[in-house]
Amino acid sequence: MMNDTAMADEDTVMVGGAPMYPSKTIVENAVNSKDHTTLVAAVKAAGLVETLSGEGPFTVFAPTNAAFEKLPAGTVETLLKPENKDQLTKILTAHVVAGDLSADELRRLARKHGGRYNFNAVSGDALTAVVKGRSLYIFDEAGGAGKVTISDVNQSNGVIHVVDDVLLPK
């Protein structure tokens, strides 16, 4: 466990009003973001806390509370019910990629592949990184796109990119 002085020396990024410490895991940091309370509740309901606290590395496209609010009314409440755990897990793992992919790396790969870089989420679903102007978007199989609003939030077990939309499996 790091002491407060050592953590104060870390190069942090502010997400949801809280510093994200590179020495902490994805879950340890996410629980402090006021913009990710829905995501944290969903990760807990899906039983993914232990996985996302593991060694990794993981790249997580983390939808904000506002992103979840864009879903049809009642969707989040329905997904959080125990009987829908499999569906919730499928949606959440569609936001996770094995490995540590920085925004610069995703941009580079997209440019190298004609403006679009295809890769797979842990769920097996296809994701596509697309650069539009100075912005990076992650497209899901259903055709939805999340704009990366905060990139390269480094964690001890990977990296988080905050997105403004929920990525949905087909």
Side-chain angles (χ1 to χ4, degrees), residues 10-16 18-33 35-68 88-170:
E10 290 186 66
D11 187 18
T12 61
V13 174
M14 295 296 285
V15 175
M20 300 289 116
Y21 294 99
S23 62
K24 291 186 174 185
T25 68
I26 290 165
V27 173
E28 288 171 331
N29 274 317
V31 297
N32 295 316
S33 169
D35 292 342
H36 291 90
T37 55
T38 303
L39 178 61
V40 169
V43 166
K44 289 177 180 176
L48 293 172
V49 170
E50 189 175 320
T51 301
L52 291 175
S53 297
E55 191 174 318
F58 305 106
T59 298
V60 176
F61 299 101
T64 59
N65 294 342
F68 281 101
L88 178 62
T89 300
K90 172 85 167 151
I91 291 169
L92 292 175
T93 56
H95 292 80
V96 180
V97 177
D100 193 336
L101 292 169
S102 70
D104 283 345
E105 179 70 359
L106 287 167
R107 283 185 184 93
R108 185 188 71 71
L109 289 165
R111 286 187 191 106
K112 180 180 174 183
H113 294 93
R116 302 173 69 80
Y117 175 64
N118 299 311
F119 55 106
N120 288 323
V122 170
S123 64
D125 294 285
L127 297 175
T128 304
V130 177
V131 179
K132 292 184 179 182
R134 301 184 79 157
S135 298
L136 177 63
Y137 291 84
I138 306 300
F139 282 79
D140 61 28
E141 284 190 349
K147 180 180 180 182
V148 176
T149 58
I150 302 174
S151 63
D152 301 323
V153 184
N154 292 313
Q155 318 289 297
S156 65
N157 62 342
V159 63
I160 291 174
H161 303 293
V162 177
V163 292
D164 68 354
D165 216 344
V166 176
L167 305 173
L168 297 172
K170 198 167 190 180

Working for side chain to side chain contact (heavy atoms under 4.5 Å, CB included), residues His95 and Val166
CA-CA 8 Å; His95 292 80; Val166 176; 3.8 Å; yes

Within this structure, what is the CZ-CZ distance for the pair Arg111 and Arg116, rounded to the nearest 0.5 Å?
15.0 Å

Test item: side-chain donor near acceptor, Thr25 and Asn157, under 3.5 Å
no

Closest heavy-atom pair, Val163 versus Ala67, reported as atoms and distance to 0.1 Å, is O-CB, 4.3 Å

What distance do Lys24 atom NZ and Thr12 atom OG1 have between them, rounded to the nearest 0.5 Å?
11.0 Å

Using modelled atom types only, decide if a donor and an acceptor are shared between the side chain of Asp140 and the backbone of Pro169 within a distance under 3.5 Å.
no

Could you pull out the closest heavy-atom pair between Leu88 and Ala42, with the gap in Å?
CD2-O, 3.4 Å

Assign the ring pair Tyr137 / Phe139 to parallel, tilted or perpendicular, where the plane angle (0 to 90°) is split at 30° and 60°.
tilted

Check Ala62 against Ile160 and note the closest heavy-atom contact, atom names and distance.
CB-CG2, 3.7 Å

Check whether any side-chain N or O of Glu10 sits under 3.5 Å from a backbone N or O of Ser23 as a donor-acceptor pair, and report yes or no.
yes

List the steps and the verdict of side chain to side chain contact (heavy atoms under 4.5 Å, CB included) for Val15 and Val162.
CA-CA 8 Å; Val15 175; Val162 177; 3.9 Å; yes

When you check the side-chain N and O atoms of Asp164 and Thr149, is any donor under 3.5 Å from an acceptor?
no

Checking Thr38 against Asn65 for the side-chain hydrogen bond (donor to acceptor under 3.5 Å, both in side chains) test, could you report, in this order, the C-alpha distance in whole Å, the side-chain angles of both residues, the deciding distance, and whether it holds?
CA-CA 6 Å; Thr38 303; Asn65 294 342; 3.2 Å; yes

Would you say the side-chain atoms of Thr59 pair up with the backbone N or O of Leu101, donor to acceptor, closer than 3.5 Å?
yes

Closest approach of Thr89 and Ala46, non-hydrogen atoms and distance?
OG1-CB, 3.5 Å

If you compare all heavy atoms of Val159 against all heavy atoms of Asp152, which two are closest, and at what distance to 0.1 Å?
CG2-CA, 3.6 Å

Once ring pair (Phe, Tyr, Trp, His ring centres under 6.0 Å) is applied, do any residues pair with Phe61, and if so which ones, sequence neighbours excluded?
His161

Under 3.5 Å donor-acceptor pairs involving side-chain atoms of residues 122-134, not counting sequence neighbours:
residue, atom, partner, partner atom, Å
Ser123, OG, Asp125, N, 3.2
Ser123, OG, Asp125, OD2, 2.5
Asp125, OD1, Lys90, NZ, 3.3
Asp125, OD2, Lys90, NZ, 2.9
Thr128, OG1, Asn118, OD1, 2.7

Considering non-hydrogen atoms only, spot the tightest contact between Lys147 and Ser135 and give its length.
CE-OG, 3.3 Å

